[in-house]
Amino acid sequence: MSDSSPELVPSNFIRNIIDADIESGKHQRVITRFPPEPNGYLHIGHAKSICLNFGIAQDYPEATCHLRFDDTNPGKEKSEYIDAIKEDVRWLGFDWADNLHHTSDYFEQLYAYAVQLIKNDKAYVDSLSAEDIRLYRGNLTEAGKDSPYRNRSVDENLDLLERMKNGEFAEGEHLLRAKIDMAAPNINMRDPAIYRIKNMSHPMTGDTWHIYPMYDFAHCVSDAIESITHSLCTLEFEDHRPLYDWFLDELKTPAHPQQIEFSRLNLDYTVMSKRKLHEMVEGGYVNGWNDPRLPTLSGMRRRGYTPNAIRDFCSRIGVTKKDNIVEMSVLENSLREDLDANATRALAVLDPIKLIIDNYPDDQEEMLNGVNHPKKPELGTRDIPFSKELYIERSDYMEDAPKKFFRLTEGREVRLRFAYYVTCTDVVKDNAGEVTEVHCSYDPQTRGGKSEDGRKVKGTIHWVSAKHAVKAKIRQYDRLFTVPDPASEKDRDFKEFINNDSVSVLTDCQLEASLLRAGAQAYQFERQGYFCLDNVDSQAGALVFNRIVTLRDSWAKKK
Ligand code: ATP
Ligand code: MG
């Protein structure tokens with residue numbers, strides 16, 4: 001990792017708490033965890049949590065961060081997601097070393113703790129229907145009332161729980177609940193569920209269990225088992241904290257981690273809840289979880305986002321308790337900064353038109369030399385073939401151009417990047433009046449793009465040699481939604497706001513010859529933006545590039 005020394009990482013209120021805990025001697029060694037449920041792919045919101053938790057582990061002496069799969073819901077969880085999550089965390093640059101855990105590793109211990117709660121008269125098996133449980137719970141203004149099953153004997157509860165575990169009952173027939181207070185002002189404390197029946201096999205534990213623990217019980221106990229010191233979660237769990245503490249206090253677990261909440265990341269013009277992402281993927285609104293338009297880490301990786309850019313973004317947005325929506329441009333600026341510093345430059349014509357140099361010998365070819373990065377000579381140079389017929393960008397020629405148009409129009413001279421000065425002499429048009437060829441003459445004394453006589457040209461345009469060019473498809477992406485917060489539009493489904501123009505494909509792009517051997521890294525196509533090969537659809541002989549991001553934030557202007 002490049003830049004994660006503690007001095008460079010902006011502090012936040014959570015790091016302040018940790019500093020104080022170390023100072024006071026409460027903890028010598030900090031242990032955090034990132035606890036994804038393997039029911040979907042990770043998104044940029046998860047990256048905030050990953051950077052926070054793993055970042056702390058990197059910056060504090062001897063600290064560690066556990067990766068724990070919260071696999072308590074076998075109906076929705078798949079090993080495909082587990083593999084993808086691991087790949088994403090590693091890609092972001094983090095390492096859990098040998099601290100890979102699953103909540104299912106603790107099913108025996110969790111069960112033993114549940115038995116202990118029953119023995120302490122702090123849990124009971126309820127046999128009300130789901131509907132009645134809801135009615136008995138009350139609401140924000142009305143207290144709940146006790147279930148008629150609340151006073152079952154310890155023995156009866158133990159017997160029922162064991163039989164639930166063994167699969168003697170149908171789903172929904174019984175529920176193990178904490179015995180707290182049905183009149184508690186905090187509804188989470190009104191005898192919350194601990195175990196529910198699910199007659200379902202589990203990827204890790206097979207058919208051993210017919211009951212699976214609820215999040216509020218499993219999470220705090222798993223944290224305690226792993227001696228997590230600071231359990232960092234998003235703000236919606238603030239009202240669950242009393243329950244987190246209640247379980248650990250009642251069970252007198254050897255460790256009692258401190259839950260601290262922070263605000264989740266929201267980004268504009270996209271959606272991040274896994275439920276919505278599932279809808280988009282399963283409904284075919286996008287092409288899979290790694291669609292380059294999605295805010296999933298696999299989609300962003302495919303698009304060409306770099307781990308550096310994402311970590312930089314997470315450090316810039318910081319960690320607070322204030323809810324807000326971050327503008328996409330903040331993320332894109334982190335991306336641009338990283339790409340500008342590191343992307344290899346190349347010449348590529350996206351919307352080609354022929355440029356013919358009439359005074360250049362017909363069969364002549366020569367190699368010109370281009371720098372791979374204007375600010376990093378250590379990245380070297382490359383040979384770029386030049387010949388009589390080139391492709392240039394259609395928009396770099398204009399008939400009757402205004403004075404300020406420093407590109408090609410009859411009589412005007414421009415510099416071809418790394419090559420020569422050329423002066424436009426005339427054009428050829430088709431029957432419809434469309435320009436099909438731009439004709440120029442070149443000055444052989446200006447090789448390399450400079451003139452001995454010191455005469456200046458204002459414009460420099462990019463080009464590729466027609467006979468050496470590599471043809472490619474380029475996908476250009478735009479925002480996935482047409483409104484900043486598609487999920488909050490009243491009475492409307494968020495999918496109604498999908499941007500139908502979120503991808504456009506250019507099929508006739510002409511790239512410089514060196515891109516035939518393009519690798520996985522990002523390129524800056526000069527004057528165009530940042531691009532990378534699409535790691536799914538690109539093939540030798542049929543290259544497909546993704547536009548990662550434009551050079552500047554032209555989107556804000558367009559709106
Ligand atoms: P979603 O709400 O998108 O469905 P989740 O919270 O159910 O996600 P988990 O797999 O439970 O997904 O999340 C793992 C961790 O990532 C949790 O600690 C959660 O708080 C954190 N996390 C999820 N979304 C965000 C977000 N947008 N910003 C910051 N942290 C997040
Ligand atoms: Mg969750």
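What you are looking at is a predicted structure, and each value in this text was computed from that prediction instead of being measured. Atoms within each ligand, like the ligands themselves, are counted from 1 in listed order.
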- Do T234 and ligand 1 have an N or O pair less than 3.5 Å apart? yes
- E162 atom CD, over 12 foreign heavy atoms within 6.0 Å: no
- Got a salt bridge between D191 and R137, using NZ or NE/NH1/NH2 to carboxylate O under 4.0 Å? no
- Between H46 and ligand 1, is there a nitrogen or oxygen pair with a distance under 3.5 Å? yes
- Query: Do D181 and R190 meet the salt-bridge criterion of a basic N to acidic O distance under 4.0 Å?
  - Reply: no
- Message: Need the ligand 1 atom indices (1-based, order shown) with element for anything under 4.0 Å from a heavy-atom of S273.
- Response: 3 (O)
- Identified side chain to side chain contact (heavy atoms under 4.5 Å, CB included) counterpart of R293 within the set N546, N287, D478: N287
- Task: Kindly identify the option in M272, H43, R264, K276 whose heavy atom sits closest to atom 2 (O) of ligand 1.
- Result: R264
- Query: Between Y111 and K165, is there a cation-pi geometry (under 6.0 Å to ring centre, at most 45° from the normal)?
  - Reply: yes
- Task: Please say whether N39 places an N or O atom under 3.5 Å from an N or O atom belonging to ligand 1.
- Result: no
- Message: Within the structure, is a non-hydrogen atom of F237 found at a distance of less than 4.0 Å from ligand 1?
- Response: no
- Query: Which option out of R68, K274, R33 puts a heavy atom nearest to atom 10 (O) of ligand 1?
  - Reply: K274
- Message: If you measure every N or O of L265 against every N or O of ligand 1, does any of those distances drop under 3.5 Å?
- Response: yes
- Query: Quick check: are there more than 12 heavy atoms from other residues, nucleotides or ligands sitting under 6.0 Å from CD of E131?
  - Reply: yes
- Among P38, A47, G45, which one has a heavy atom closest to atom 26 (C) of ligand 1? G45
- Query: Between R479 and D268, is the closest basic N to carboxylate O distance under 4.0 Å?
  - Reply: no
